[in-house]
Amino acid sequence: MAIVKPFYCVRPNREVAARVAALPYDVYNRSEAREEVKREPLSFLGIDRPETQFSEETDMYSRPVYEKARDMIRERIREGIFLEDPDACYYIYEQTMDGRSQTGIVACSSVDDYREGVIRKHELTRAEKEADRIRHIDICDVQTGPIFLAYRNRDDIRAIVAEGKRQEPLYDFVSRAGVFQKVWKLSDPERVKALEEAFLRVPNTYIADGHHRAASAVKVGGLRREACPDYTGKEPFNTFLSVLFPEEELHIMDYNRVVRDLNGLTSEAFLRKLKEIGWEVRKAETAPFHPTKKREFAMYLDGCWYAAGPKDGAAFEDPVKDLDVSVLQDQVLGPVLGIGDPRTDTRIDFIGGIRGLSELERRCGEDMKVAFALYPTSMKELFDVADQGQLMPPKSTWFEPKLLSGLFLHKLS
């Protein structure tokens with residue numbers, strides 16, 4: 001059963017919510033973050049990336065940088081930019097992009113659920129990436145980045161959400177990226193109780209996006225428990241901020257690959273090699289070409305789009321090996337192009353589907369030789385991998401739209 005709790009939310013006042021809300025901290029590099037905060041001083045990115053408040057020479061991982069984030073949160077609460085809701089609530093968060101909507105429940109998930117596998121994962125995390133968010137959460141005493149979770153469809157939760165959306169929205173604005181954002185507060189005690197009990201009938205939730213944020217939040221919870229050995233389990237640090245979406249509303253985009261060279265092969269030799277390993281390769285009828293089904297790959301080489309894929313298209317019992325990202329890696333990127341470890345090999349780069357196929361063409365015209373566009377991973381595949389306790393290859397899923405930061409904060413004490 002999933003423990004999904006209402007919480008005492010810190011949030012921006014209605015007048016400034018659109019200015020405060022920001023894309024996740026990790027979609028920007030340092031210079032991009034600085035420019036964004038310069039453009040909009042109220043952007044929450046200034047708190048999520050507090051090095052933007054210092055000179056470029058400042059060590060972005062030094063303690064004073066994180067303390068600045070903490071001080072900015074406290075200052076904005078004093079100024080009324082952020083409000084502290086007096087009651088423990090859930091929030092309904094709807095995002096609409098390109099005519100498609102997804103509606104999640106903003107709540108706090110259990111640290112113990114993460115540790116015990118009720119919350120299931122499908123990616124590895126790296127200690128150096130966790131360290132930054134651990135320091136940020138611990139020094140700020142606030143969780144600022146919600147974890148994107150998914151759950152299998154449930155009629156009872158769907159009905160509660162639909163009823164909650166009949167109220168007047170708390171927030172209703174369009175983000176700078178053109179995504180419509182709506183938030184409703186779910187504070188009626190009966191609805192709050194019904195929703196909490198409904199989640200107790202959900203066997204598992206799944207991390208869709210935010211593995212590093214989740215791992216960091218859980219580790220901070222562990223640090224707080226060590227510092228407070230007589231904890232009861234009811235303290236805020238026993239949970240972490242999350243937004244939970246039903247699988248039916250989620251959309252995974254393709255996550256594509258570009259490779260710098262052909263591993264010493266000419267283009268002609270590379271095409272022959274693909275045929276030798278049992279792949280069918282033909283020039284695409286349309287350009288650019290996007291795969292329309294599983295086991296179909298689009299390849300861009302020397303200004304030409306190809307449709308390609310293994311002739312047999314056989315399925316694998318292992319859910320990881322059956323992923324198209326694995327098939328491409330195991331049959332082409334590794335043995336033919338020499339990409340042994342895509343996590344560390346500098347000859348490969350990854351391009352999210354939101355950037356479009358034109359980005360693959362652009363990169364091949366500048367610094368790359370060949371590009372591969374993939375059919376997107378499905379939610380079923382994500383669930384199958386996580387249910388077996390396995391891990392997906394890197395860059396297997398790209399979720400859009402991204403959850404905005406700054407709309408919901410969770411204080412740890």
Practice task
Determine, for R120 against D387, whether the closest basic-nitrogen to carboxylate-oxygen distance falls under 4.0 angstrom.
Solution key: yes
Exercise for the section: Give a yes or no on this: more than 12 heavy atoms of other residues, nucleotides or ligands lie within 6.0 Å of atom CG of D98. Expected result: no
Problem - Aromatic plane relationship, Y66 with H136 - under 30° parallel, 30 to 60° tilted, over 60° perpendicular - result: perpendicular
Practice task
Kindly say whether Y28 contributes a backbone atom to a donor-acceptor pair with the side chain of R49 at under 3.5 angstrom?
Solution key: yes
Handout entry: Test item: V10 and I73 side chains (from C-beta on) under 4.5 Å apart, heavy atoms
Key = no
Practice task
Before accepting this row, confirm whether a basic side-chain N of the pair K185/D85 lies closer than 4.0 Å to the acidic partner's carboxylate O.
Solution key: yes
Fill in the blank from the handout: The residue among E123, E130, E128 that forms salt bridge (Lys or Arg N to Asp or Glu O under 4.0 Å) with R126 is E128
Problem - Residue pair I3 / D112, side-chain heavy-atom distance below 4.5 Å - result: no
Practice task
Return yes when atom CZ of R355 has more than 12 non-hydrogen atoms of other residues, nucleotides or ligands closer than 6.0 Å, and no otherwise.
Solution key: no
Going by atom type alone, with no hydrogens or angles, which donor-acceptor pairs under 3.5 Å involve a side-chain atom of residues 331-342 and a protein atom two or more places apart or on another chain?
{"unit_1": "Q331", "atom_1": "OE1", "unit_2": "W279", "atom_2": "NE1", "d": "2.7"}
{"unit_1": "D341", "atom_1": "OD1", "unit_2": "R343", "atom_2": "N", "d": "3.0"}

Exercise for the section: Indicate yes or no: does R260 engage D349 in a salt bridge with an N to O separation below 4.0 Å. Expected result: no
Practice task
Using a strict 4.0 Å threshold on nitrogen-to-oxygen distance, state whether R362 and E359 make a salt bridge.
Solution key: yes
Practice task
Would you tell me whether Q102 and Y93 have side-chain atoms, one donor and one acceptor, within less than 3.5 Å of each other?
Solution key: no
Exercise for the section: May I ask you to check whether over 12 heavy atoms, not counting those of K294, lie within 6.0 Å of atom NZ? Expected result: yes
Practice task
Take atom CD of E116 as the centre, draw a 6.0 Å sphere, and report whether it contains more than 12 heavy atoms from other residues, nucleotides or ligands.
Solution key: yes
Practice task
Kindly assign one of parallel, tilted or perpendicular to the pair F408 and Y91, based on the angle between their ring planes and the thresholds 30° and 60°.
Solution key: tilted
Practice task
Report yes or no: do R225 and N238 form a side-chain donor-acceptor pair below 3.5 Å?
Solution key: yes
Listing, residues 303-314 side-chain donor-acceptor contacts under 3.5 Å, not counting sequence neighbours, or none:
{"unit_1": "W305", "atom_1": "NE1", "unit_2": "E361", "atom_2": "OE2", "d": "2.7"}
{"unit_1": "D312", "atom_1": "OD1", "unit_2": "A314", "atom_2": "N", "d": "3.3"}

Practice task
Would you verify whether the NZ or CZ of K5 falls within 45 degrees of the ring axis of F199 while also being under 6.0 Å from that six-membered ring's centre?
Solution key: no
Problem - Test: R133 cationic atom under 6.0 Å from Y25 six-membered ring centre, within 45° of axis - result: yes
Handout entry: Listed once per pair and sorted, the salt bridge (charged side-chain N to carboxylate O under 4.0 Å, His left out) pairs that draw on residues 234-256, sequence neighbours left out
Key = R158-E248
Exercise for the section: For the pair R295 and D322, find out whether any cationic side-chain nitrogen is under 4.0 Å from an anionic carboxylate oxygen. Expected result: yes
Exercise for the section: Name the orientation class of the two ring planes belonging to F399 and F148 (parallel below 30°, tilted from 30 to 60°, perpendicular beyond 60°). Expected result: tilted
Problem - Pair E36 + R39, salt bridge at N-O below 4.0 Å - result: yes
